[in-house]
Participant: 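Starting off with a structure, shown below.
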There are 2 protein chains.
Amino acid sequence: MQSYTEENYLKTIYHLAERTTNVQTNAIAEQMQTKPASVTDMIKKLADKGLVDYIKYQGVTLTEIGKNTAIDIVRKHRLWEVFLVDKLNFKWDEVHDVAEELEHIKSVELIERLDEFLGFPKADPHGDPIPDKNGRFAKTQFIKLIELKVGDSGTITGVSQHSSAFLKHLEKLGLTLGKQIQISDVTDFDGSVEIKLSDKQVNISREVAKHILISSNGKN
Amino acid sequence: MQSYTEENYLKTIYHLAERTTNVQTNAIAEQMQTKPASVTDMIKKLADKGLVDYIKYQGVTLTEIGKNTAIDIVRKHRLWEVFLVDKLNFKWDEVHDVAEELEHIKSVELIERLDEFLGFPKADPHGDPIPDKNGRFAKTQFIKLIELKVGDSGTITGVSQHSSAFLKHLEKLGLTLGKQIQISDVTDFDGSVEIKLSDKQVNISREVAKHILISSNGKN
DNA sequence: AAAAATTTTTAGATTTACCTAAAAATTTAA
DNA sequence: TTAAATTTTTAGGTAAATCTAAAAATTTTT
Ligand SMILES: [Mn+2]
Ligand SMILES: [Mn+2]
Ligand SMILES: [Mn+2]
Ligand SMILES: [Mn+2]
């Protein structure tokens, strides 16, 4: 059984490992809003418990058990987000913080029944995949909107930034999950992207375009 | 903002104060499964925070703020229990432990929306009243089944014991909330009570009869 | 291949919620 | 109204998760 804190470390390491092979102390500290010294302390503890492999100065990797534990927390986080949006009518930019708390409730039965109640959803309100009870989920193949060329089209299926500010901005522009889009222009001056939606045309900055994930319909 | 532990102390003090005027250190310790010395430590802390009034050796009482905080936790506990039973199909004997965790999730918005989602229930699965968002609830006037006389009738509206063993036992006997009952006999030998239900007759021990709460239809 | 910069670890404290053992206060019984 | 029993508090410590400051290792630059 892991503490609330240990669970958060495991989850953070898991997410960082999705981007970099070897997860560094400083990166964990930044993500956890704590100090590198504290991270070193915790890493040692997790290593003692067999949840991470650790060699001094070499960063950490999750063990099989550590990884499964992390995936289970991610599963809970995302299922609760679906609950909040689908059943309690929260907006997609309002759910993350509450889910951060709910993900630590320890009851296998609770999560299985919640999963069933929600109709075994495959993705959370941000398009992130929800692992099943065995920890399995399809590795989704997204393309960043910024990488599309003029004329390319596709469907918005995810976001790689979960801040409320960013999500509210997308909402206002009408760029929500499931929307069909086509790149109509890329501005030379600032790299901003002109996007054609079914009913209107919107312009987004490069920064925004980087964090919108598209499942492509292929090049035009 | 209170810690998880502080919240549990406040709730325990609140529940003990429902039965006794002045809440004693040892009683809190027993309820919290901890030691009296630890209770003294925590009481001092709660007193410093203005959540309890405390005079050495004289027991504790909740302040207005302390009481409101406690009631809010009770509200959350009971709403989550309703959710678990009504929406996730848990049995009434399976919900308490999970609710003990869920009651500490801190989000006013979450609880208001949950309350609405559940249809603003007035009582939890054990018949206990659910405070509204202002902390108000009707003080229910129950009679213990053991206090009824032969011929008296009424409706089962609560239980004063929440252990899984007890609740499962009632379930098996068909003595669930809302059931109409009438006392048909009280055995001289062991004080056990013979109860007439709409479709059958059951016998329960004095011990069981003590913990069933009846809203009486008046004497026969 | 040094020197400089960066990253990571160690050492030593702090805070929170506990604990045990012993002392002090209060309550109950003789 | 003493003595005995019970309750409560104090004193002194432990374990978990943090922190700051300083030392050590690694990486990057010259
Ligand atoms: Mn989230
Ligand atoms: Mn999400
Ligand atoms: Mn309960
Ligand atoms: Mn209940």
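None of these values were measured; they are calculated from a predicted model. Lettering of chains follows the sequences in order, A, B, ..., and the numbering in each one begins at 1.
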Participant: Let's see if you get this right: which residues in residues 32-42 of chain A place a heavy atom under 4.0 Å from DNA chain C?
Facilitator: P36(A), A37(A), T40(A)
Participant: If I take atom OH in residue Y9(A) and atom C1' in nucleotide dA16(D), what distance separates them, rounded to the nearest angstrom?
Facilitator: 12 Å
Participant: What are the residues of residues 10-28 of chain A, sorted by number, that bring a heavy atom to within less than 4.0 Å of DNA chain C?
Facilitator: Q24(A), T25(A), N26(A)
Participant: If a pair satisfies salt bridge (charged side-chain N to carboxylate O under 4.0 Å, His left out) and one of its residues is in residues 100-114 of chain B, list it, with sequence neighbours excluded.
Facilitator: E7(B)-K106(B), K11(B)-E100(B), K11(B)-E103(B), E109(B)-R113(B), E112(B)-K133(B)
Participant: Test of understanding: with ring pair (Phe, Tyr, Trp, His ring centres under 6.0 Å), list the residues that count as partners of F83(B), not counting sequence neighbours.
Facilitator: F83(A), W80(B)
Participant: Run through DNA chain D and report every stem of 3 or more consecutive Watson-Crick or G-U pairs, distances under 3.5 Å, ordered by first number.
Facilitator: C:1-30 with D:1-30
Participant: Do K49(A) and E6(A) have side chains that get closer than 4.5 Å, going by heavy atoms?
Facilitator: yes
Participant: Do R78(B) and E81(B) meet the salt-bridge criterion of a basic N to acidic O distance under 4.0 Å?
Facilitator: no
Participant: Quick one: CG on L88(B) to CD on E94(B), what's the gap to the nearest 0.5 Å?
Facilitator: 11.0 Å
Participant: Measure the shortest side-chain to side-chain distance between I156(A) and I214(A) over non-hydrogen atoms and say whether it is less than 4.5 angstrom.
Facilitator: yes
Participant: Keeping to residues at least two apart or across chains, list the salt bridge (charged side-chain N to carboxylate O under 4.0 Å, His left out) pairs with something in residues 157-168 of chain A.
Facilitator: D93(A)-K168(A)
Participant: Give every residue pair that meets the salt bridge (charged side-chain N to carboxylate O under 4.0 Å, His left out) criterion with at least one member in residues 16-33 of chain B, sequence neighbours excluded.
Facilitator: none
Participant: What does Y4(B) touch in the nucleic acid at a heavy-atom separation under 4.0 angstrom: a base, only the sugar-phosphate, or nothing?
Facilitator: nothing
Participant: Go through the structure and list residues passing side chain to side chain contact (heavy atoms under 4.5 Å, CB included) with V208(A), not counting sequence neighbours.
Facilitator: F166(A), H169(A), L170(A), I204(A), S205(A), I212(A)
Participant: Take the protein atom CD1 of I55(B) and the nucleotide atom P of dT26(C), then report the distance between them rounded to whole Å.
Facilitator: 12 Å
Participant: How far does CG of L10(B) sit from CG of L46(B), to the nearest 0.5 angstrom?
Facilitator: 5.0 Å
Participant: What ring-ring contact (aromatic ring centres under 6.0 Å, His included) pairs are there with at least one residue in residues 99-119 of chain A, not counting sequence neighbours?
Facilitator: Y4(A)-H104(A)
Participant: For nucleotides 23-29 of chain D, which of its nitrogen or oxygen atoms have a protein nitrogen or oxygen under 3.5 Å away, and what is each distance?
Facilitator:
unit_1  : atom_1 : unit_2 : atom_2 : d
dA25(D) : O4'    : Y57(A) : OH     : 3.2

Participant: Take the protein atom NZ of K44(B) and the nucleotide atom C1' of dT8(D), then report the distance between them rounded to whole Å.
Facilitator: 10 Å
Participant: Can you list every pair that meets side chain to side chain donor-acceptor pair (under 3.5 Å) and has a residue in residues 56-67 of chain A, with sequence neighbours left out?
Facilitator: none
Participant: Using whole Å, report how far CD of E7(A) lies from P of dA16(D).
Facilitator: 17 Å
Participant: Could you list all the ring-ring contact (aromatic ring centres under 6.0 Å, His included) pairs where at least one residue sits in residues 122-142 of chain B, not counting sequence neighbours?
Facilitator: H126(B)-H162(B)
